[in-house]
*Asks:* 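Following this message is one structure expressed as structure tokens.
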Number of protein chains: 2
Amino acid sequence: MGLAKTEIFTDEQNQISVFAKAFGHPARVAILQHLFKIDTCFCGDLVKEIGLAQPTISQHLKELKYLGLIKGTVEGTSVCYCIDMDNWKEMKDIMTVFLGQDLLPKNECC
Amino acid sequence: MGLAKTEIFTDEQNQISVFAKAFGHPARVAILQHLFKIDTCFCGDLVKEIGLAQPTISQHLKELKYLGLIKGTVEGTSVCYCIDMDNWKEMKDIMTVFLGQDLLPKNECC
DNA sequence: CCATTTAATCGTTTTATTGCGATAAAATTA
DNA sequence: TAATTTTATCGCAATAAAACGATTAAATGG
């Protein structure tokens with residue numbers, strides 16, 4: 001159906017999957033990496049940096065903004081995007097716990 | 001188009017997005033969490049644990065196996081699944097670098 | 001060999017995602 | 001005000017993903 005049955009999963013599981021989905025496209029990974037590297041960035045810069053059309057970049061930015069990972073402030077005719085550090089750290093904490101499950105003691109099986 | 005233009009991105013960006021996509025569904029998050037908790041697990045156990053049909057679980061297991069995050073060994077009529085620790089750590093290293101970008105010194109902008 | 005158990009695969013339906021051309025909106029500049 | 005710049009939105013086409021019923025495959029037990 002293309003529709004995940006979110007209601008049968010825990011909030012934590014859904015939250016992890018939502019953040020992971022944001023990183024599930026190389027364009028969004030590239031956008032975030034660029035924002036970290038550059039500190040601040042206009043949408044037009046990203047269009048040049050990444051080789052996708054302007055509406056496509058705008059759409060990816062919208063998704064990242066919806067999740068709170070980035071924020072954009074209008075400056076004249078352009079919009080300045082940057083990482084939302086507080087929300088990034090919150091996301092990172094959640095993902096780090098998930099990724100760090102291998103640190104709990106256990107015996108490998110098969 | 002529903003088709004990511006992977007060729008315009010770096011190998012690292014594509015790799016991050018591929019792993020992230022694996023965690024982009026709560027069922028796969030739940031499967032991995034359960035495998036970590038239980039050590040070893042049969043497909044049928046996951047069908048009971050998570051509330052999805054057997055073909056659906058089987059499909060999710062196939063994706064996780066394809067990425068190398070889990071491995072399955074046949075035991076009689078059933079298949080025993082568990083985390084592939086080596087590959088998990090490798091994936092974790094890649095994701096940790098990506099998530100840890102906020103640790104590099106920088107000045108917040110907008 | 002036949003029934004049973006367990007998991008994988010096939011085929012289909014439904015919804016989501018990607019990408020972009022065309023257009024609109026908003027601010028700036030001439 | 002008109003032209004320009006920059007970004008957002010709309011609408012569409014193409015592909016991917018999710019879910020599952022039906023079926024197949026593989027091993028075991030009687």
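Here is how names work: the chains are called A, B, and so on, in the same order as the sequence lines, proteins then strands, and each is numbered from 1.
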*Asks:* Got a sec, which pairs hit side-chain hydrogen bond (donor to acceptor under 3.5 Å, both in side chains) with one end in residues 45-55 of chain A, sequence neighbours left out?
*Replies:* A:His34-A:Glu49

*Asks:* Using salt bridge (charged side-chain N to carboxylate O under 4.0 Å, His left out) as the criterion, list what pairs up with A:Lys21, not counting sequence neighbours.
*Replies:* none

*Asks:* Is there a side-chain contact (heavy atoms from CB on, under 4.5 Å) between B:Leu64 and B:Ile31 once you walk through the steps?
*Replies:* CA-CA 9 Å; B:Leu64 293 172; B:Ile31 287 171; 3.9 Å; yes

*Asks:* Excluding sequence neighbours, so at least two apart, what forms ring pair (Phe, Tyr, Trp, His ring centres under 6.0 Å) with A:Phe19?
*Replies:* none

*Asks:* Check the interface with nucleotides 4-7 of chain C: list each N/O to N/O pair with the protein under 3.5 Å, or write none.
*Replies:*
unit_1: C:dA7; atom_1: OP1; unit_2: B:Cys43; atom_2: N; d: 3.1
unit_1: C:dA7; atom_1: OP1; unit_2: B:Gly44; atom_2: N; d: 3.4
unit_1: C:dA7; atom_1: OP2; unit_2: B:Gly44; atom_2: N; d: 2.8

*Asks:* Could you list all the salt bridge (charged side-chain N to carboxylate O under 4.0 Å, His left out) pairs where at least one residue sits in residues 51-67 of chain B, not counting sequence neighbours?
*Replies:* B:Arg28-B:Glu63

*Asks:* Holding to side-chain contact (heavy atoms from CB on, under 4.5 Å), I want the full list of residues that pass it with B:Thr77, two or more places apart in sequence or in another chain.
*Replies:* none

*Asks:* To the nearest angstrom, how far is A:Ile50 atom CD1 from C:dG19 atom P?
*Replies:* 11 Å

*Asks:* For A:Pro55 and B:Thr6, find the nucleotide of DNA chain C closest to each by heavy atoms; which residue's nucleotide sits nearer the 5' end?
*Replies:* B:Thr6

*Asks:* Could you work out, with ring pair (Phe, Tyr, Trp, His ring centres under 6.0 Å) as the rule, every residue matching A:Phe42, not counting sequence neighbours?
*Replies:* none

*Asks:* Of the nucleotides D:dT9, D:dC20, C:dG19, which one has an atom closest to the side chain of A:Gln59?
*Replies:* C:dG19

*Asks:* So which of residues 17-31 of chain A are in contact with DNA chain C, with a heavy-atom cut-off of under 4.0 Å?
*Replies:* A:Lys21, A:His25, A:Arg28

*Asks:* Just to verify, what does A:Ala27 make a side-chain contact (heavy atoms from CB on, under 4.5 Å) with, not counting sequence neighbours?
*Replies:* A:His25, A:Leu52, A:His60, B:Phe9

*Asks:* Closest-nucleotide mapping onto DNA chain C: is A:Gly76 or A:Thr56 further toward the 5' terminus? I mean the 5' end.
*Replies:* A:Thr56

*Asks:* Kindly state which residues belonging to residues 60-68 of chain B come within less than 4.0 angstrom of DNA chain C, counting heavy atoms of the residue only, listed by number.
*Replies:* B:Lys62

*Asks:* Got a sec, which residues hit side-chain contact (heavy atoms from CB on, under 4.5 Å) with B:Val79, two or more places apart in sequence or on another chain?
*Replies:* B:Val74, B:Tyr81

*Asks:* Would you please name every residue forming a side-chain hydrogen bond (donor to acceptor under 3.5 Å, both in side chains) with B:Glu90, sequence neighbours left out?
*Replies:* none

*Asks:* Can any side-chain N or O of A:Trp88 pair as donor or acceptor with the backbone N or O of B:Gln101 at less than 3.5 Å?
*Replies:* no

*Asks:* Separation of A:Leu52 atom CG from D:dA8 atom P, in whole Å?
*Replies:* 15 Å

